[in-house]
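Take a look at the structure set out below.
What you are looking at is a predicted structure, and each value in this text was computed from that prediction instead of being measured. Chain letters run A, B, ... following the sequence lines, proteins first, then strands; residues in each count from 1. Basis for what follows: all heavy atoms, side chains included, without hydrogens, waters or symmetry-related copies.
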Number of protein chains: 2
Amino acid sequence: MTETGVRAADRLAAERAMLDRTSTAERVAWVLRQRITEGVYEPGERLSEGPIVDDLDVSRNTVREAFRLLSHERLLVHELNRGVFVRRLTAADVTDLYRLRRLVECAAVRQAAGSSPDGLAALREAVHAAERAAAEGRWEDVGTANMGFHRAVVALAGSERLDQMMRQTLAELRLVFLAMRNPRAFHEPYLARNREILGRLTEGDAEGAARLLEGYLAEAERQLVEAHS
Amino acid sequence: MTETGVRAADRLAAERAMLDRTSTAERVAWVLRQRITEGVYEPGERLSEGPIVDDLDVSRNTVREAFRLLSHERLLVHELNRGVFVRRLTAADVTDLYRLRRLVECAAVRQAAGSSPDGLAALREAVHAAERAAAEGRWEDVGTANMGFHRAVVALAGSERLDQMMRQTLAELRLVFLAMRNPRAFHEPYLARNREILGRLTEGDAEGAARLLEGYLAEAERQLVEAHS
DNA sequence: TATTGTCAAATCGTTCAACGATCCTTATGT
DNA sequence: ACATAAGGATCGTTGAACGATTTGACAATA
């Protein structure tokens, strides 16, 4: 069993979703989503209906429905009469994403005084998962676990809609992270920072945790804006 | 000129969007969205492809694409093999929506210290629009303008993604408000509260404004949860 | 050389018809 | 009353076709 806890949980959730009854359009969207977030398709790349129809052996209308699904998730950009493109994020996109993260994540942390033990347990688990992946040199898994940490941060707020918004934001962020050439150099410093934030929350110091998180997000933003400029 | 400022601006934006080149699927989605938010279709009502195909004289695939668009906006609920339904919000939905609003709107207000004059101007305009509509007894327009106020609150954060999230949240809320039998009784008390919040922000008292907003949202939530129980 | 016009190819957006799958309602049997 | 089967409605998908739009190549012109 070499998979990290968070990664295994993600995979299990994804597999469960596929076991549920889903339409073909949703399954096509799932395949394409994987390809996008794994970098098989590059940001800016145009996805043409024809090759996907052939490749996945489905009809064009089904592919179009899948494109609609992914366009709303902001992974694809639909341009009328020109097709759909994998979203290419600009420095301005990064700035906007971090403005959103700063507002939502820090507010969730500030509200976290009196959080349920479950919320903290999820954060703890994400920190552990990231540290395990780092110990094994799996740096992209470290990035994934770090994102799990942030999902757990927002989940402290206890709102399904916020959780969904954060899932989508993190999917977009995955595209952002594709631009970082050295996953280790990017993700490694955040391990210690996650642990610090967790420590503050565990002590009940929500304001301290929020301050740390603000610094964390500011630093990550600076790096990513630079990588996208 | 009897239209409120906010309403006219909304209409202009909507008309500009329609003047842009749009696909038929998007135009169908637009028509359906109007019907949903105006209560032509009731919450819980099932939208069948056939009658819409006949009514709008478009093909089924186009209607299906429009359904996909609206499902992601959470105005419709897509159920595999059973069709799509206008979303019926439960008391739990209301609670979740207000949890999200509390976190995002109050954080946006707390961050508002040092807001640009434009942000405050938009709030001011929304308050004026609501008051004008109230003076003319147009209570549903009061609700619309109140929502414009909240959109402007979130816009203080200066994030396009947060703005988009709020637009969608307010679209959902419009469904929630359909359950209120007496628009006047529901919307009227919030006029004065909006003005108070605006006053605090104008004085630079962001924390005071956030406290008022928290009370406002708690009261609205209580009323709406009751109406959905 | 740069710009403009024309044409062909590619492909997108939509329509239509058809078929299989699924769900719901109705009818029948115990 | 409950269980089962059948029929009808409609959803999900497929595939073919056509018109609309965009793009790229090439020729003509200044």
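- Applying the ring-ring contact (aromatic ring centres under 6.0 Å, His included) test to residues at least two apart or on different chains, the pairs with a partner in residues 49-72 of chain B are A:His72-B:His72.
- Looking at residues two or more places apart in sequence or on another chain, you find no ring pair (Phe, Tyr, Trp, His ring centres under 6.0 Å) involving B:Tyr41.
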| Which parts of nucleotides 8-14 of chain C does protein reach within less than 4.0 Å, heavy atoms only, written one letter per nucleotide 5' to 3' as B for base, S for sugar-phosphate only and - for none? | ---SBBB
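- When the ring pair (Phe, Tyr, Trp, His ring centres under 6.0 Å) test is applied to A:Tyr216, the partners found at least two apart in sequence or on another chain are A:His150, A:Tyr190.
- Judged as a ring pair (Phe, Tyr, Trp, His ring centres under 6.0 Å), and not counting sequence neighbours, A:Tyr98 has no contacts.
- The side-chain contact (heavy atoms from CB on, under 4.5 Å) check on A:Ser48 picks up A:Arg46, A:Pro51, with sequence neighbours excluded.
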